[in-house]
4 protein chains.
Amino acid sequence: MAIMPAKAKIDRTDQSSDRRNQILAIAARLFASHGYAATTVRDIADEAGILSGSLYHHFSSKEAIFQEILRSFMTGLLEQIEEIAAEGRGPRETLDGLIRTAFRVMEEQSDAVGLYQNESTILQSQVGFEFLSEGSARIEHFWREQIEAGQAQGVFRDSFDSAIVYRFVRDAVWSTVRWYRPNGRYTAETLTQNFLDLFHSGVLAEES
Amino acid sequence: MAIMPAKAKIDRTDQSSDRRNQILAIAARLFASHGYAATTVRDIADEAGILSGSLYHHFSSKEAIFQEILRSFMTGLLEQIEEIAAEGRGPRETLDGLIRTAFRVMEEQSDAVGLYQNESTILQSQVGFEFLSEGSARIEHFWREQIEAGQAQGVFRDSFDSAIVYRFVRDAVWSTVRWYRPNGRYTAETLTQNFLDLFHSGVLAEES
Amino acid sequence: MAIMPAKAKIDRTDQSSDRRNQILAIAARLFASHGYAATTVRDIADEAGILSGSLYHHFSSKEAIFQEILRSFMTGLLEQIEEIAAEGRGPRETLDGLIRTAFRVMEEQSDAVGLYQNESTILQSQVGFEFLSEGSARIEHFWREQIEAGQAQGVFRDSFDSAIVYRFVRDAVWSTVRWYRPNGRYTAETLTQNFLDLFHSGVLAEES
Amino acid sequence: MAIMPAKAKIDRTDQSSDRRNQILAIAARLFASHGYAATTVRDIADEAGILSGSLYHHFSSKEAIFQEILRSFMTGLLEQIEEIAAEGRGPRETLDGLIRTAFRVMEEQSDAVGLYQNESTILQSQVGFEFLSEGSARIEHFWREQIEAGQAQGVFRDSFDSAIVYRFVRDAVWSTVRWYRPNGRYTAETLTQNFLDLFHSGVLAEES
DNA sequence: CATGAATGAGTTTTCATTCAT
DNA sequence: CATGAATGAAAACTCATTCAT
């Protein structure tokens with residue numbers, strides 16, 4: 001089962017020079033913290049220690065930077081999911097794996113995740129960002145297959161709708177990026193544990 | 001137990017004229033769909049059928065419009081929660097009530113909710129928007145009291161952290177605004193049912 | 001000798017209602033303290049307790065208010081000078097009288113004087129404000145006649161140019177409006193005494 | 001005796017490029033002739049041959065231009081006065097020197113002087129323009145020291161107040177900028193001569 | 001690669017003025 | 001007389017982008 005389509009590595013100017021990546025990281029952080037529209041190319045250039053005009057030696061436009069950040073995030077995410085799919089384990093183990101992965105990605109790439117969380121509504125139908133809907137549709141499809149397989153096998157209760165539950169889970173997990181602070185009160189592992197616990201069993205105590 | 005502080009509503013121009021409210025509604029919709037920064041005062045004025053400068057007869061700035069939308073949303077939300085608190089029911093019933101209310105508010109004020117979801121990260125530490133953190137802190141506090149009371153009474157399992165669970169729930173519920181479409185495939189009631197089911201019991205089938 | 005031309009009382013809407021005069025006084029104060037351009041009609045209306053649009057029931061434009069203030073100031077000033085001229089005293093007594101009068105006017109109509117001091121450069125060649133140059137030319141003419149008469153009579157030294165001295169005196173006197181504070185350290189009488197002393201004898205001690 | 005404080009010139013963008021100075025000169029002229037508020041950034045840009053937005057490449061705001069003009073004027077003026085103070089001559093010679101210098105500065109920097117004359121009232125208590133009051137207080141202090149020293153030494157008559165006389169002199173001298181025209185009827189030297197004559201001996205002839 | 005100067009189209013905001021009620 | 005809503009023109013300022021050096 002292929003989550004990702006045939007590899008189509010986009011490399012406009014694939015001089016993955018340090019400079020480029022450094023700028024991408026700076027931009028991701030600023031976009032995530034102030035919003036894409038509210039971040040100016042000068043903000044990015046300032047932090048990179050160059051003049052705003054000089055950014056155009058590395059990227060063709062502000063939007064190109066934005067796209068590249070999200071595209072590489074989405075590509076990486078799909079690869080991770082692909083790996084889990086490749087393991088071919090049962091529905092419960094697979095979903096647990098997806099959830100663990102999501103929390104890990106949220107921690108490791110918090111800027112891209114935050115950016116996606118804040119701008120996705122607006123991006124959904126934007127030209128040039130179709131890869132986002134495509135990627136997220138592919139992920140949703142895989143998730144629903146797993147949920148429905150689990151329900152068919154009696155591993156999961158069948159009183160809920162797979163699409164709805166998927167979205168609740170997805171949003172709850174990714175939204176943590178808004179309040180999770182590395183080196184804060186909680187570790188990503190604690191979040192994962194708590195989430196899986198809630199996900200598996202809900203809040204109610206056994207009513208034996 | 002008081003969720004809201006003493007009423008102190010002193011608006012500089014508190015003429016809740018029809019025109020004002022009409023403009024607020026237009027602005028809320030535009031801010032929610034394109035983002036605050038990407039919405040121009042001219043967009044708002046155009047939809048209101050006036051010139052952009054004329055907006056300043058009603059509001060002192062673009063940000064003032066933004067603030068007023070969020071402030072009245074937060075005020076209304078706190079009132080709703082206050083009502084539930086006033087009923088003084090048990091933890092499970094109270095939380096169920098809060099969740100039902102949230103879905104209802106999400107449906108009725110989707111613009112304000114969407115706006116809050118998309119811009120909250122950026123607003124968190126913005127001057128003039130402190131009422132958002134204050135309100136949300138008050139809500140979180142009430143939620144956690146209920147969760148912990150339920151755990152103490154044995155109604156809820158005590159294997160999870162009240163703060164973490166609250167945030168998962170909050171984010172999952174409010175995030176629905178991003179994909180829920182009135183008159184779409186799902187009703188708000190369906191969402192509520194599915195959510196409560198998941199919230200109460202998780203996904204796993206009884207392992208008897 | 002007539003300082004003023006035939007009476008041409010300007011009364012566009014000569015309802016010298018209290019309201020009008022009240023507004024003129026408010027406007028004069030604001031124009032004097034913040035400058036004409038930096039004072040908005042709304043500032044004036046606010047202080048008058050009405051809406052800015054309502055000002056237009058009393059005056060045809062912002063500039064009309066400005067003109068009326070300066071015109072009535074100039075008219076009054078010319079009348080005062082006329083009176084002194086009518087006394088027909090000698091050059092020294094006449095100039096002393098003019099100086100005394102100027103300090104008195106400066107004290108009594110500080111707003112108009114201040115306004116004139118700050119905006120005169122710009123107004124000099126403005127259409128609609130020709131009465132200012134006309135009035136001030138008339139005053140200068142009278143002054144120079146007196147100075148030159150005094151020099152001819154041997155009352156004043158004749159080592160200086162009447163036009164230059166007139167301007168030094170005029171500017172020194174009127175400029176006091178910028179720093180003189182009623183009820184402050186100095187009285188207008190003190191200023192007058194000091195000025196006359198300096199004017200008459202300069203700073204140097206007798207070199208006997 | 002130090003008139004100026006320790007040099008602390010730290011400009012954010014201290015590239016005294018030709019372009020900057022050129023723009024400053026244009027702005028000074030326009031501000032002086034039409035007033036600060038009545039001069040638009042477009043007026044300045046037009047004369048500089050660029051678009052109004054391009055001004056912001058050189059200066060952060062219209063007010064910043066204003067400040068820079070006045071600040072460099074005040075700095076230069078204080079330096080000149082410092083030089084005179086350094087000569088350490090007697091009160092009469094020192095004051096004569098200050099007056100000569102003032103007329104020279106008035107001629108050489110008529111725009112800045114005119115600007116200061118027209119806008120000082122409004123600027124007096126404006127944030128960011130404190131250096132004006134500070135500078136002028138320092139100058140006043142030096143003048144009064146000289147006047148009082150002269151009175152103590154019997155060089156000057158002691159029938160007048162040093163503060164009042166200083167202000168008369170200052171205003172009479174600087175106000176000439178409003179009517180003095182280079183290449184006009186009078187030279188700056190003529191003004192200086194007339195002023196010193198009046199300043200030293202007043203208008204009255206010897207009453208032998 | 002980077003600078004520094006500029007463009008041009010747009011933004012929010014201001015404000016004198018008008019006018020139906 | 002006054003209000004309240006609006007106009008319309010212009011203001012200051014922003015910012016992505018270009019380009020000669």
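Quick caveat, the model's predicted, so the values are computed rather than measured. So you know, we letter chains A, B, ... as the sequences are listed, proteins then strands, and number each from 1.
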[X] and [Y]: which non-hydrogen atoms are nearest, and at how many Å?
X         : Y        : result
Asp111(A) : Ala32(A) : O-CB, 3.5 Å
Ala38(D)  : Ala37(C) : N-CB, 4.5 Å
Thr39(A)  : Leu30(A) : OG1-O, 3.2 Å

Output the rounded distance in Å from [atom1] ([X]) to [atom2] ([N]).
X        : N       : atom1 : atom2 : value
Asp46(D) : dT7(E)  : CG    : P     : 11 Å
Asn21(D) : dA5(E)  : CG    : P     : 12 Å
Ile65(B) : dT11(E) : CD1   : C1'   : 14 Å
Gln22(B) : dA6(F)  : CD    : C1'   : 14 Å
Phe59(B) : dT14(E) : CZ    : P     : 15 Å
Leu30(B) : dT11(E) : CG    : C1'   : 16 Å

**Prompt:** Which pairs with one or both residues in residues 56-65 of chain C pass salt bridge (charged side-chain N to carboxylate O under 4.0 Å, His left out), sequence neighbours excluded?
**Reply:**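 Matches after skipping sequence neighbours: none remain.
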**Message:** Show me the pairs that pass salt bridge (charged side-chain N to carboxylate O under 4.0 Å, His left out) and involve residues 22-38 of chain B, at least two apart or across chains.
**Reply:**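 For residues 22-38 of chain B: Arg29(B)-Glu47(B).
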**Message:** With a 4.0 Å limit, can you tell me whether Arg19(B) has a side-chain N or O closer than that to the phosphate oxygens OP1/OP2 of dA6(F)?
**Reply:**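 Looking at the OP1 and OP2 atoms of dA6(F), one of them is under 4.0 Å from a side-chain N or O of Arg19(B).
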**Request:** State, with a plain yes or no, whether a side-chain heavy atom of Val41(B) is found less than 4.5 Å away from one of Tyr56(B).
**Result:**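 When only atoms from C-beta onward are counted, Tyr56(B) and Val41(B) do touch, with a gap below 4.5 Å.
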**Asked** Is a side-chain donor or acceptor of Gln124(C) paired with a backbone partner of Ser133(C) at a separation under 3.5 angstrom?
**Response** no
**nucleotides 11-21 of chain F: protein proximity per nucleotide (B base, S sugar-phosphate only, - neither; heavy atom, under 4.0 Å)** = SSBBSSBB---
**Asked** Reading DNA chain F 5' to 3', what string of ( ), [ ], | and . shows its pairs, if Watson-Crick and G-U wobble pairs count only when both distances fall under 3.5 Å?
**Response** .||||||||||||||||||||
**Ile50(A) side-chain proximity, nearest of dT3(E), dG8(E), dA6(F)** = dT3(E)
**Message:** Ser120(B): which residues meet the side-chain contact (heavy atoms from CB on, under 4.5 Å) condition with it, sequence neighbours left out?
**Reply:**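 side-chain contact (heavy atoms from CB on, under 4.5 Å) list for Ser120(B), sorted by chain: Arg178(A), Tyr116(B).
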For residues 125-132 of chain B, please give each side-chain donor-acceptor pair under 3.5 Å, one per line with the distance, not counting sequence neighbours.
| from | atom 1 | to | atom 2 | distance (Å) |
| --- | --- | --- | --- | --- |
| Glu130(B) | OE1 | Gly128(B) | N | 3.1 |
| Glu130(B) | OE2 | Gly128(B) | N | 3.0 |

**Residue closer to the 5' end of DNA chain F, Leu55(B) versus Leu51(C) (nearest nucleotide)** =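 Going by which nucleotide is closer to the 5' end, it is Leu51(C).
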